[in-house]
> 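Structure below; questions to follow.
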Amino acid sequence: MKRYTFSIEIDGNQFHFEYMNGEVFYLPYGRQEISTYSLNYGRIEVPQIWIITRKSGCPLFALEPTEADENKFDIMTAQYLYDEHAVQWFEPLADKYRRLIWINPRCLETGTEEYGAYKHFTWQDIIDFALINRPSNAYAKYASGDWKFVADGADKYLLVMVGNKPYWADAIGQIPFAVDTMRLYLEKYEGDVSKAIKKTSKVGIWFSNGTFKPEYNNVYDHYFVLRGALYGASCFNVHIERAICRPDGSKITEVTIQGNGASRKELLELPINKLTRAEYGMWKYSE
């Protein structure tokens, strides 16, 4: 029998739970045996927490619902959260954000059932994949650059753990696409970083959701495209050589993109802030 208790803290208050044989129970009277509880004590106030589990029932992490959510206390699988709520916890400015308030420490312990819910990466793993120079069509669905699908990427996992934090795999999968797109437009625009970032953001509107239909809503995909574009701006040097070689005196420009060895990993790790969104965000959003 698999059984353990765990606590979730919200605003200084501890709420206790027990996981047993595929089910999560709220312990309203603290760390006591379930058999000692009696509803005769009156109405039990439940905390405002969404506990997210594997299909097997083991708890993975917890989110704080908003006032707009009908159910303030809920226990649901990650797949249900993704399919039915489309909620995310990593970009506060994007739609359907819910604050991450707890990660089950067992998710970081190799060999546990909780650990196996994710494919695990470091940020350097993501960078190494993103810096491979691929043709643009490699980022089509199921192609070699489709990070969420390929074996050296998320390998069809719904959830990934990157830098000890959980993400939807399709969010992280925007980063390699964006880095490579940024390389393309830095070359095309001869090192104009601002113009290349904005163009990458626009391209993300058309291609980030895999449907080839524009997505102008304030979804988290756009924010991860922007993270990737900003990272690309930090890690590529643009070398421009011009030569007058035509009879009419027009110039032929050769642009070379090289890694500069000074990339800023935090541009991938940190959420997009309002100033950056205002400067580069090409989608629709409200302040």
> Does atom NZ (K284) have a neighbourhood of more than 12 heavy atoms from anything else shown, all under 6.0 Å?
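Not buried by this count: 12 neighbours or fewer within 6.0 Å.
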
> Kindly state whether the ring of W50 and the ring of W89 have centres lying under 6.0 angstrom apart.
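When the ring centroids of W50 and W89 are compared, they turn out to be at least 6.0 Å apart.
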
> Using 4.0 Å as the upper bound for N to carboxylate O, is an ion pair formed by E113 and R106?
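Looking at E113 together with R106, the answer is no, because their closest N to O distance does not fall below 4.0 Å.
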
> Out of curiosity, Q174 CD to F207 CZ, how far, rounded to the nearest 0.5 Å?
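Q174 CD to F207 CZ: 12.5 Å, rounded to 0.5 Å.
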
> Can a salt bridge be assigned to the pair K2 and E114 using a cut-off of 4.0 Å between side-chain N and carboxylate O?
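A salt bridge is present here (some side-chain N lies under 4.0 Å from a carboxylate O).
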
> Please report the interatomic distance CG(L226) to CH2(W283), rounded to the nearest 0.5 Å.
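L226 CG to W283 CH2: 5.0 Å, rounded to 0.5 Å.
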
> Does the pair E269/K165 count as a salt bridge with the N-to-O cut at 4.0 Å?
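The answer is no: the pair does not qualify as a salt bridge.
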
> Suppose we call two aromatic rings close when their centres sit under 6.0 Å apart. Are F25 and Y19 close by that rule?
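Aromatic pair excluded; centres sit 6.0 Å or further apart.
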
> Looking at K96, R227, R277, which one forms a salt bridge (Lys or Arg N to Asp or Glu O under 4.0 Å) with E91?
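So the option named by the test is R227.
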
> Determine, for D155 against K148, whether the closest basic-nitrogen to carboxylate-oxygen distance falls under 4.0 angstrom.
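A salt bridge is absent here (no side-chain N lies under 4.0 Å from a carboxylate O).
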
> Would you mind reporting whether L63 and I51 have side-chain heavy atoms less than 4.5 Å apart?
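Not touching, per the 4.5 Å side-chain cut-off.
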
> Roughly how far, to the nearest 0.5 Å, is SG of C107 from CZ of F61?
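Nearest 0.5 Å value for the CZ-SG distance: 8.5 Å.
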
> Taking only residues two or more places apart in sequence or in another chain, which ones pass salt bridge (charged side-chain N to carboxylate O under 4.0 Å, His left out) with R99?
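Checked R99 against salt bridge (charged side-chain N to carboxylate O under 4.0 Å, His left out); matches are E64.
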
